[in-house]
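This report refers to the structure that appears directly beneath it.
Counting starts at 1 for both ligands and their atoms, in listed order.
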Amino acid sequence: MIALVTGGAGFIGSHLAERLVAEGWEVWILDDLSTGSMRNIDSLLDSPRVHHRIGSVTDEQRVGELVDRADVVFHLAAAVGVKLIVENPTRTIETNIRGCEVVLQAAAKKGKRVLLASSSEVYGKGVRVPFAEDDDLVLGPTTKSRWGYACSKAIDEYLALAYANERSLPVIIARLFNTVGPRQTGRYGMVVPTFVRQGLAGEDITVYGSGDQRRCFADVSDVVECLLRLVACDEARGRVFNVGNDREISINALASLVRACTGGASRIIRVPYEQAYAQGFEDLGRRVPDLSRLERTIGFRPTVPIETIVDRVIAQARQCGDSIVPQPLAALA
Ligand code: UDP
């Protein structure tokens with residue numbers, strides 16, 4: 001089988017590509033290296049079954065050629081990370097919506113199976129926890145750029161489902177919750193690699209807001225397993241699935257865990273949201289996936305607890321720490 005992985009040089013994409021190759025697939029990677037990195041796929045490129053193209057998912061001709069070669073398209077290319085999104089709203093909205101449209105149009109020509117990576121951000125400020133796939137979406141005002149990301153992903157989902165319904169395109173939508181693991185960079189605001197880098201450097205661990213906000217962190221290996229099972233499952237076609245881990249932890253507890261695991265030299269400090277993000281930033285109190293549909297459909301339960309996830313991220317950071325050193329966002333714009 002041949003897979004096209006858009007965003008294949010990114011954090012999740014590179015883990016997915018690695019797994020596909022291990023399972024005997026031929027893999028084509030398309031990535032514009034905006035947040036991905038060749039370093040993520042260096043070891044894969046030795047394989048004769050791995051090919052890469054550096055380019056944008058909005059390039060119709062390039063995407064068309066690659067989709068034609070593939071049996072399955074994993075569309076992961078997107079603007080990622082709350083910090084990046086808040087600071088680059090134009091790029092976020094354009095890449096996410098246009099890129100998805102281009103991929104779906106190309107896939108529809110020959111009825112190729114598509115796995116669309118969406119995001120738990122689409123639930124917005126939903127208050128009914130855990131979040132289930134058919135819940136209402138509760139987004140904030142258009143004046144707050146965070147919600148532009150949620151909205152762009154929601155549009156992608158509407159479009160994918162429209163292709164599924166009107167043109168019988170076999171599309172599966174995976175709403176990814178907080179995903180963590182080796183090779184994730186803290187550069188775009190993600191909390192676990194940021195805390196780990198701070199802990200290992202003995203710097204202050206920066207908890208934003210009160211730290212009472214809660215999240216559920218899934219190991220990237222669990223997420224990749226779900227994506228593979230979903231794409232192989234006929235019953236999953238034309239449907240939306242939460243993908244993640246459902247065990248909650250507060251950001252304060254996460255900070256304490258990381259501090260303990262990195263030697264305990266750091267202080268834990270509170271940083272007001274206004275200082276951490278743009279003025280008027282809205283954070284979410286709790287974000288928990290309802291995994292019952294996923295479990296019923298593909299028989300999956302998360303296997304890696306947060307303690308192990310943190311250990312793995314620390315081990316990787318110790319091995320090649322520079323990959324998680326943050327750079328100023330201005331340098332990346
Ligand atoms: N966060 C934090 N310190 C940091 C980075 C993030 O306290 O250095 C908080 C952030 O405000 C949010 C949570 O950690 O409440 C998870 O943030 P992340 O950006 O990883 O994911 P999100 O769930 O916001 O998409």
Side-chain angles (χ1 to χ4, degrees), residues 11-12 35 78-88 92 96 117-126 129-131 139-140 144-153 175-181 183-201 203-220 223 242-259 262 266-289 306 309-310 313 317 324-329:
F11 158 55
I12 301 177
T35 55
V80 286
V82 167
K83 205 171 171 63
L84 183 69
I85 284 150
V86 168
E87 298 186 12
N88 285 293
T92 300
N96 290 0
S118 182
S119 164
S120 58
E121 275 285 313
V122 298
Y123 289 106
K125 300 185 272 189
V129 176
F131 295 161
L139 303 185
K144 298 197 169 154
S145 55
R146 173 178 197 147
W147 306 116
Y149 176 72
C151 215
S152 68
K153 282 298 192 180
R175 279 189 191 156
L176 307 186
F177 282 66
N178 296 67
T179 303
V180 187
R183 298 205 287 268
Q184 184 179 36
T185 160
R187 232 174 259 176
Y188 313 110
M190 277 80 165
V191 67
V192 171
T194 301
F195 282 4
V196 165
R197 187 194 61 76
Q198 292 167 335
L200 288 175
E203 292 172 10
D204 291 346
I205 293 180
T206 52
V207 169
Y208 298 164
S210 69
D212 292 332
Q213 69 271 32
R214 299 164 81 85
R215 294 290 187 275
C216 301
F217 296 96
D219 190 76
V220 66
V223 169
N242 288 337
V243 171
N245 192 316
D246 52 5
R247 184 175 142 206
E248 273 186 282
I249 183 168
S250 73
I251 299 303
N252 281 327
L254 178 70
S256 302
L257 174 66
V258 172
R259 180 173 60 179
T262 51
S266 295
R267 289 185 311 158
I268 295 175
I269 61 160
R270 306 271 179 285
V271 178
Y273 285 122
E274 304 77 61
Q275 221 169 295
Y277 300 109
Q279 193 70 25
F281 179 81
E282 294 185 288
D283 201 11
L284 311 173
R286 289 174 75 196
R287 178 192 274 156
V288 185
I306 183 67
I309 295 175
V310 166
V313 174
I324 59 166
V325 172
Q327 288 178 3
L329 279 165

Problem set entry | 4.5 Å side-chain heavy-atom contact, Arg247 and Ile306 | yes

Problem set entry | pair Glu121-Arg287: side-chain heavy atoms closer than 4.5 Å |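 Yes, at least one pair of side-chain atoms sits under 4.5 Å.
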
Exercise. Are a donor atom and an acceptor atom from the side chains of Tyr273 and Asp283 found within less than 3.5 Å of each other?
Worked result: yes

Taking only heavy atoms of [X], which atoms of ligand 1 are found under 4.0 Å from at least one of them?
| X | answer |
| --- | --- |
| Thr194 | 8 (O) |
| Val207 | 7 (O) |
| Thr206 | 2 (C), 3 (N), 4 (C), 7 (O), 8 (O) |
| Arg215 | 12 (C), 15 (O), 16 (C), 22 (P), 23 (O), 24 (O) |

Heavy atom of the protein closest to [atom] (residue, atom name, distance):
| atom | answer |
| --- | --- |
| atom 10 (C) of ligand 1 | Tyr277 OH, 3.5 Å |
| atom 18 (P) of ligand 1 | Val191 N, 3.9 Å |
| atom 19 (O) of ligand 1 | Gly189 O, 3.3 Å |
| atom 25 (O) of ligand 1 | Arg287 NH1, 3.3 Å |
| atom 9 (C) of ligand 1 | Gln213 NE2, 4.0 Å |

Ligand 1 to [X] polar contact by distance, N or O atoms, under 3.5 Å:
| X | answer |
| --- | --- |
| Asn178 | yes |
| Tyr273 | no |
| Tyr208 | yes |
| Met190 | no |

For the pair [X] (side chain) and [Y] (backbone), establish whether a donor and an acceptor sit closer than 3.5 Å, ignoring hydrogens and angles.
| X | Y | result |
| --- | --- | --- |
| Asp246 | Cys216 | no |
| Asn245 | Asp219 | no |
| Asn242 | Phe131 | yes |
| Lys125 | Gly285 | no |

For this session: May I ask you to say whether Glu248 pairs ionically with Arg286, meaning some side-chain N is under 4.0 Å from a carboxylate O?
Result: yes

Exercise. Judged by non-hydrogen atoms, does Arg146 sit under 4.0 Å from ligand 1?
Worked result: yes

For this session: Starting at CD1 of Ile251, measure out to CD1 of Ile268 and round the result to the nearest 0.5 Å.
Result: 11.5 Å

For this session: Mind checking whether Ile251 contacts ligand 1 via backbone (N, CA, C, O), side chain (CB onward), both or neither, at a 4.0 Å heavy-atom cut-off?
Result: side chain

Problem set entry | Side chain, backbone, both or neither: Asp283 near ligand 1, heavy atoms under 4.0 Å | side chain

Exercise. So Thr185 and Arg197, side-chain contact (heavy atoms from CB on, under 4.5 Å) or not? Walk me through it.
Worked result: CA-CA 10 Å; Thr185 160; Arg197 187 194 61 76; over 6 Å; no

